[in-house]
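For reference, the structure is listed below as structure tokens.
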Amino acid sequence: GVWPALGQRILRVLQLNEPNDLLNWDQNANRREIAALAAEIFKAWAKRDKIATDILEAAAHSLAKDAAACARRLVRPGALVEFVFAGGVLLSSARFAEEVARALRKLWGRARILRLGIESAWGAVRLAQKSFTAGKAPLDSGERSASGRGWKERQPPESGSPHDVG
């Protein structure tokens with residue numbers, strides 16, 4: 001049979017000849033190669049490809065479901081929770097971030113969705129620098145644990161403060 005457009009794009013990007021070649025590829029693929037597929041899926045989504053739409057809707061729902069599950073472990077159901085979106089896909093694709101936010105709001109009615117202004121790794125670096133210059137170890141500032149489980153609440157660094165999504 002004829003492969004759909006997205007399948008053809010993936011084979012072309014991976015420089016594979018036929019769908020069966022994907023079986024060997026996926027066993028040896030590294031993170032960068034897999035990320036290249038994500039870019040193709042997002043390009044196909046922009047062209048309203050049905051398969052890409054299904055993939056990204058499922059991914060958005062899965063992320064929202066995982067975020068709500070984490071929230072349930074930390075606070076009582078119905079509590080206001082700030083979910084901070086960070087990472088390449090959630091920061092670079094406003095449309096995908098909004099899909100995740102919409103799914104999350106359905107699962108957690110009092111969700112406040114924020115997007116981190118900088119990549120999370122830079123926030124960690126700034127937090128470490130701030131703690132070092134203050135003469136204390138990171139996460140050793142005496143804050144009281146919000147959940148009683150050892151988690152310490154922190155505000156993001158000033159220049160990397162989160163921004164509301166949708």
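Residue numbers count from 1 along this sequence. Just so it is clear, the model here is predicted, and its values are computed rather than measured.
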Test of understanding: clusters of I, L, V, M, F, W, Y form through side-chain heavy atoms closer than 4.5 Å, transitively. Do Leu16 and Trp3 belong to the same one? yes

In this structure, would Phe96 and Leu107 fall into the same cluster of hydrophobic residues linked by side-chain contacts under 4.5 Å? no

Are Thr53 and Arg48 packed together at the side-chain level, in the sense that at least one heavy-atom pair is separated by less than 4.5 angstrom? no

side-chain contact (heavy atoms from CB on, under 4.5 Å) evaluation trace for Leu37 with Leu14: CA-CA 8 Å; Leu37 292 185; Leu14 298 177; 3.9 Å; yes

Distance from [X] atom [atom1] to [Y] atom [atom2], nearest 0.5 Å?
{"X": "Asp66", "Y": "His61", "atom1": "CG", "atom2": "NE2", "value": "9.5 Å"}
{"X": "Leu6", "Y": "Ile51", "atom1": "CG", "atom2": "CD1", "value": "6.0 Å"}
{"X": "Ile34", "Y": "Trp25", "atom1": "CD1", "atom2": "CH2", "value": "5.0 Å"}
{"X": "Leu11", "Y": "Leu22", "atom1": "CG", "atom2": "CG", "value": "5.5 Å"}
{"X": "Arg105", "Y": "Arg112", "atom1": "CZ", "atom2": "CZ", "value": "11.0 Å"}
{"X": "Glu98", "Y": "Leu104", "atom1": "CD", "atom2": "CG", "value": "10.5 Å"}

Is a side-chain donor or acceptor of [X] paired with a backbone partner of [Y] at a separation under 3.5 angstrom?
{"X": "Ser93", "Y": "Val89", "answer": "no"}
{"X": "Thr133", "Y": "Lys130", "answer": "yes"}
{"X": "Trp108", "Y": "Ala79", "answer": "yes"}

Could you give me the CA-CA distance, side-chain angles and deciding distance for Lys47 and Asp49, then say whether side-chain contact (heavy atoms from CB on, under 4.5 Å) is met? CA-CA 6 Å; Lys47 294 180 179 183; Asp49 181 279; 5.5 Å; no

Could you pull out the closest heavy-atom pair between [X] and [Y], with the gap in Å?
{"X": "Ala68", "Y": "Phe83", "answer": "N-CE2, 4.4 Å"}
{"X": "Val2", "Y": "Gln8", "answer": "CG1-NE2, 4.0 Å"}
{"X": "Ala103", "Y": "Ala60", "answer": "CB-O, 4.3 Å"}

Given Arg115 and Leu91, is the side-chain contact (heavy atoms from CB on, under 4.5 Å) satisfied, shown in steps? CA-CA 7 Å; Arg115 292 178 76 190; Leu91 294 179; 4.1 Å; yes

In this structure, are over 12 heavy atoms from other groups packed under 6.0 Å from Arg31 atom CZ? no

Evaluate whether atom CD of Glu18 has more than 12 neighbouring non-hydrogen atoms of other residues, nucleotides or ligands under 6.0 angstrom away. yes

